Amino acid sequence: MKIIGLIIALSTGVLLISATGDFPGWADPASPASTHLSPHFIEKTMEETSVPNIVTAVLADYRGYDTMYETAVIFTAGLACFILLRIFVREEPEDRLYRHVLTGVTVRVKEGAKLPPSDDFERIDATWTPPDLIIKTICRFLIPFIQLFALYVIAHGHHSPGGGFQGGVILGASIILLAISQDLRTSVRRMREKLDAVLCAVGVIIYAGTGALCLLLGLNFLDYSALASVLHCDPVTARSHGILIVEIGVGIAVMCTMIWIYNNVSSTGKYDEGL
Amino acid sequence: MSQQYPALLVIVPLLSALVISAAGWINKRLCFPIAVAALGAAAYSCIGLLLRVLEEGAIVYRFGGWDPPMGIAYYVDHLNGLVLVVVSVVAFLNLIASKKSIELELPDKTAPFYALYVLQVTGLLGIVATGDAFNLYVLLEITALSGYAMLAMGKDRAQLSTLNYLYMGTIGACFYLLGVGYLYIVTGSLNMVDIANILPPLYESKAVLGAFIICLVGVWIKMAFFPLHAWLPNAYTHGPSAASSLIAPLVTKVMIYVMIRLILTVFTPEFAFNVLAVSKPIVWLAVAAIFMGAILALAERNLKKMLTYIIVAEVGYMVGGAWLGNRAGMTGAILHIVNDALMTLCVFLVVGNIAYKLKGYAFDDLKGLVRKMPFTMGALVIGGLSIIGVPPTCGFFSKWYLISGAIQAGQYAFMVALLFSSLVNVVLFFRVIEICYYEPFSNAHGHDHHPEPMAEAPLTMLVPLFIVAVGLILVGLYTGDIVNNVIEFAIPKSIV
Amino acid sequence: MGDLIQIVVAKYNYWIYITLMMIGLYAMIVKNNLVKKIVGMNIFQTAIILFYVSTGAKRGATIPILEHGHGEHGAGAHMIHAVDYINPLPHVLMLTAIVVAVATLGVALALAIRVYNRYDTLEEDEILAQIREK
């Protein structure tokens, strides 16, 4: 098996390297890739879309159709992890661990019975470690600032590196930080599963819906200049605003999918004990 | 609205899939009607689009209002339009036929399954309609991911088979992406027609040759062309019936469409057939694919797995036909895309009916089944005759074109492989039909006085099966129309 | 010899990334453990992403964000020269590819979890032995 793998990898590598014989050199300003399409993008972005960040303009406007499908890919991945892993009905009842807060004594309750809720006992995970006050407090402090930074990244995608995907991942990371520093049940209490799943679909619907709105207003799909009549501005500014709307949709979808995938994978679908 | 058909045929299913996913958390019974409405609207748009293409010629739809190659454009011509109609109609019929089976096999996850189903169909329709090479990669990944999730919902070995399919599928898609990257580096464009305009002076360069080979190998991995086919039988057999009967007829055929599109539009036939000298080795590989598919199918005692090996052989037909390099071969390959989708749907729906009623489809479970499920067995007979290639079913006509193309190109080994495969299919199907029709029913107690009560599959599963079986015969009878009005214009004049 | 050095300096980025791709491909084919195969897949996809991004470089150019962008557009706007900014298109394409790679990684890990729950092992030869026993 190793020899077959080695032969396949070597022959493919030789084929690919020999095919680079005719490539333009690295960082050559006169290469076909740099002279065919990209001058149009670089020179005309400001006057056609009034967005200084060329990558955002190309991503969300010129090739916005691709980005819509990219958002659909990440949604599909979240849906796939959900459908593969989520278990709604447990077959074998499992043991739960409870800890008496004052004395530190651990109680194992067998076969799915539960203790009545009281302040003296807290539910702990099977992989429980002693609580570290510093980590818990600092993470709780940081999470709102992380989220604020994420909103900044989404909103300033026009002028600085950033945009919907980057901001959405940071937003998702803030909730996952809550799950890692405390436990999964805390973060699921903050961001419920049903809200998460519906919001994920809503995020992609914002993107596709904006495009469909442009279609209904008479122009082609995802032609943001059709929004000029709705937003009461000129077509070029309408493109800039259209890009912002779809980036918000992307951010929401990516945030919810990150949280959804993390919840499903770390608890293997049971949603009671995380990492 | 008819101007917007190219957009509607992907947007309506995409939005519906998202709404189904959200609605599944609120009320489960909304999901199926939304899915049926979405796929019905997509089928209507595809048929309308094909009629427009027959009147006006190739249609270009500019997304975002940007002209290609700045923006992304859909490029629909006769080849696309035909495959779009086939994909949307097959998906629609399969959804109606699979409702009961989805509710039986996956009772608590029907809503996400419908959403993944519609997402898969969106991906397939998008792959067929697009005119941009990178857009094709993204849609390929949507199709693949939703396919993996659906196929992994089966029992027992499904997850391991799907994981192997995932590895192979990702390698294939990444090879295709590399090929597009190589093309971008030497041409600077991502639009298929634009690349075809820039390429002719570069035909002799090694980069274009490397790009072609790596794109082709990537697409071959995804269509399970021998010797890269090992993932297909396990993945398709162990999945739930609804998923298998969607993915088996469609995904490999759409990949063959991608290969034909690469040959005809991106790397023009002059490059593929004349500048490169690989036609003969590829046809020999196709011969090997047909032989291996036929022989491995003979060894199987499980009906569903036998049918998946027949898919491997059928892929060999189409790849060999496309690479014969003449008009008859290419016509045969394109016609076989249409016919094979319908034939495979017919036999996989039969297997779905059997799995719904019997919970097993090894040969031992099928004994005497005709008494219990006569209509399903009748459809299996028609599907089998079409796969064998008996007139007037459609399978005969595409084989006819492939054989005449082989004779015209002097590739007699391909013709022998086609005839051998037909003979093996006769053995395979007559063996199954003998077990179903003539063996006593497996629970019979020896006396045949009381006939077995007929316990057919429910009507929602039988009516689409009936439509497909009749469709096999109708498509066969109307082959002349299809070839002369549609396929004739899909192949460029430079191929004789 | 000078010719060879010229070629290496011009093309070495492509060669390094192709080598990385082949390491990932080798891992996917040869390794026995399912998670190691997933890691190999990730290496392969990341190498392709790096390959594409490296084609967008331009000697003496800066990042593709217009510097005097948010001011007046029209009269008083500076002339924008394409040679001053690197090619934005590979970056856009690779944003998509990164998302696709992450999505595939997520689905692959979910499948590996399901396989582990079923067979209690992640080594492919042990799983095949268990299947053959049945």
Side-chain angles (χ1 to χ4, degrees), chain A residues 12 15-16 18-24 31-38 40-41 44 48 61-70 72-73 75-77 79-84 86 88-89 193-194 197-202 204-205 208-209 211-212 214-215 219-226, chain B residues 4 7-8 11 14-15 17-19 21-22 24-26 61-66 69-72 108-109 112-113 115-116 119 122-123 126 132 134-135 138-139 141-142 145-146 148-150 152-153 159 178 182 184-190 198 202 205-211 213-214 217:
Chain A
T12 316
L15 166 71
L16 289 172
S18 69
T20 66
D22 292 325
F23 274 5
S31 60
S34 301
T35 51
H36 183 54
L37 281 184
S38 52
H40 179 101
F41 288 141
K44 295 284 175 24
E48 286 180 355
D61 195 358
Y62 289 95
R63 294 192 70 94
Y65 190 59
D66 249 352
T67 310
M68 182 181 78
Y69 279 117
E70 180 187 345
V73 164
F75 170 76
T76 308
L79 195 59
C81 288
F82 169 74
I83 199 178
L84 282 174
R86 186 79 173 95
F88 285 111
V89 176
E193 182 187 12
K194 184 166 165 180
V198 172
L199 216 53
C200 189
V202 164
V204 193
I205 289 180
C214 303
L215 195 142
L219 291 179
N220 275 352
F221 187 72
L222 281 179
D223 192 349
Y224 302 130
S225 42
Chain B
Q4 308 288 350
L8 285 179
I11 296 316
L14 179 63
L15 278 171
L18 301 164
V19 169
S21 165
W25 291 91
I26 303 175
Y61 184 88
R62 298 146 49 235
F63 280 97
W66 302 108
M70 304 308 152
I72 299 176
D108 54 347
K109 291 192 178 155
F113 191 87
L116 285 168
L119 273 172
T122 311
D132 185 284
F134 191 77
N135 191 247
V138 183
L139 288 161
E141 288 292 336
I142 291 192
L145 281 175
S146 46
Y148 303 148
M150 282 201 288
M153 295 307 293
Q159 286 87 33
L178 256 184
Y182 272 51
Y184 174 68
I185 292 177
V186 291
T187 61
S189 172
L190 291 168
I198 300 181
L202 299 167
S205 84
K206 281 183 289 195
V208 175
L209 175 66
I213 294 180
I214 202 102
V217 172

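Throughout, protein chains are lettered first and strands after them, A, B, ... in sequence-line order, and every chain is numbered starting at 1. Here the structure is a predicted model, which is why all the values come from computation and not from measurement.
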Worksheet item: Which residue, A:Asn220, A:Leu219, A:Asp223, forms the side chain to side chain contact (heavy atoms under 4.5 Å, CB included) with B:Arg62?
Response: A:Asn220
Worksheet item: So which of B:Gly210, B:Gly65, B:Ala149 has the largest heavy-atom pair count under 4.5 angstrom toward chain A?
Response: B:Gly65
Fill in: Top contributor to chain B contacts, counting heavy-atom pairs under 4.5 Å, from A:Tyr69, A:Phe221, A:Tyr65
A:Tyr65
Item to complete: Would you check if B:Phe134 and B:Val138 make a side-chain contact, meaning some heavy-atom pair closer than 4.5 Å?
Response: yes
Discussion item. Please report the interatomic distance CG(B:Leu202) to CG(A:Asp22), rounded to the nearest 0.5 Å.
Written reply: 8.5 Å
Worksheet, complete the sentence: So, the part of B:Ala152 with a heavy atom under 4.5 Å from chain A: the answer is both
Fill in: Most contacts with chain A, counted as non-hydrogen pairs under 4.5 angstrom, among B:Thr122, B:Leu190, B:Leu8
B:Leu190
Worksheet, complete the sentence: So, the part of A:Phe41 with a heavy atom under 4.5 Å from chain B: the answer is side chain
Fill in: Top contributor to chain A contacts, counting heavy-atom pairs under 4.5 Å, from B:Ala22, B:Ala17, B:Gly126, B:Ser205
B:Ser205
Worksheet item: Hey, which of B:Ile214, B:Thr187, B:Ile142, B:Leu209 has the most heavy atom pairs under 4.5 Å with chain A?
Response: B:Ile142
Worksheet entry | Side chain, backbone, both or neither of B:Trp25 within contact of chain A (heavy atoms, under 4.5 Å) | both
Worksheet entry | Pairwise side-chain contact, B:Phe113 with B:Leu116, heavy-atom cut-off 4.5 Å (strictly under) | no
Worksheet item: Highest number of heavy-atom pairs under 4.5 Å with chain B: which of A:Pro24, A:Ala201, A:Cys200, A:Pro32?
Response: A:Pro32
Worksheet item: Considering only heavy atoms from C-beta outward, does the side chain of B:Tyr182 approach that of B:Val208 to under 4.5 Å?
Response: no
Worksheet item: Side chain, backbone, both or neither: which part of B:Ile185 has an atom under 4.5 Å from a heavy atom of chain A?
Response: both
Worksheet item: Do the side chains of A:Met68 and B:Phe63 get nearer than 4.5 Å, heavy atoms only?
Response: no
Item to complete: Flag the one option from B:Gln159, B:Lys206, B:Glu141 with the top tally of heavy-atom pairs under 4.5 Å to chain A.
Response: B:Lys206
Worksheet entry | A:Ser18, part contacting chain B, at a heavy-atom distance under 4.5 Å | backbone
Item to complete: Go through B:Gly24, B:Pro69, B:Ala7 and name the one with the most non-hydrogen pairs under 4.5 angstrom from chain A.
Response: B:Pro69
Fill in: Toward chain B, the part of A:Leu15 with a non-hydrogen atom under 4.5 Å
side chain
Discussion item. Under 4.5 Å from any heavy atom of chain A, what part of B:Leu178 do you find: side chain, backbone, both or neither?
Written reply: side chain
Fill in: Contact origin within A:Thr12 toward chain B - heavy atom pairs under 4.5 Å
side chain
Discussion item. Could you tell me if the side chain of B:Tyr61 sits less than 4.5 Å from the side chain of B:Gln4, heavy atoms only?
Written reply: yes
Worksheet item: Do A:Glu48 and A:Asp61 have side chains that get closer than 4.5 Å, going by heavy atoms?
Response: no
Worksheet, complete the sentence: Value for CG (B:Asp132) from CG (B:Leu139), rounded to nearest 0.5 Å, stands at 9.5 Å
Worksheet item: Below 4.5 Å, heavy atoms only, C-beta onward: do A:Glu193 and A:Arg86 meet side chain to side chain?
Response: yes
Worksheet item: Hey, are the side chains of A:His40 and A:Leu37 touching, using non-hydrogen atoms and a 4.5 Å cut-off?
Response: no
Worksheet item: What residue, out of A:Asp66, A:Val198, A:Leu222, A:Val73, has the most heavy-atom pairs lying under 4.5 Å from chain B?
Response: A:Asp66
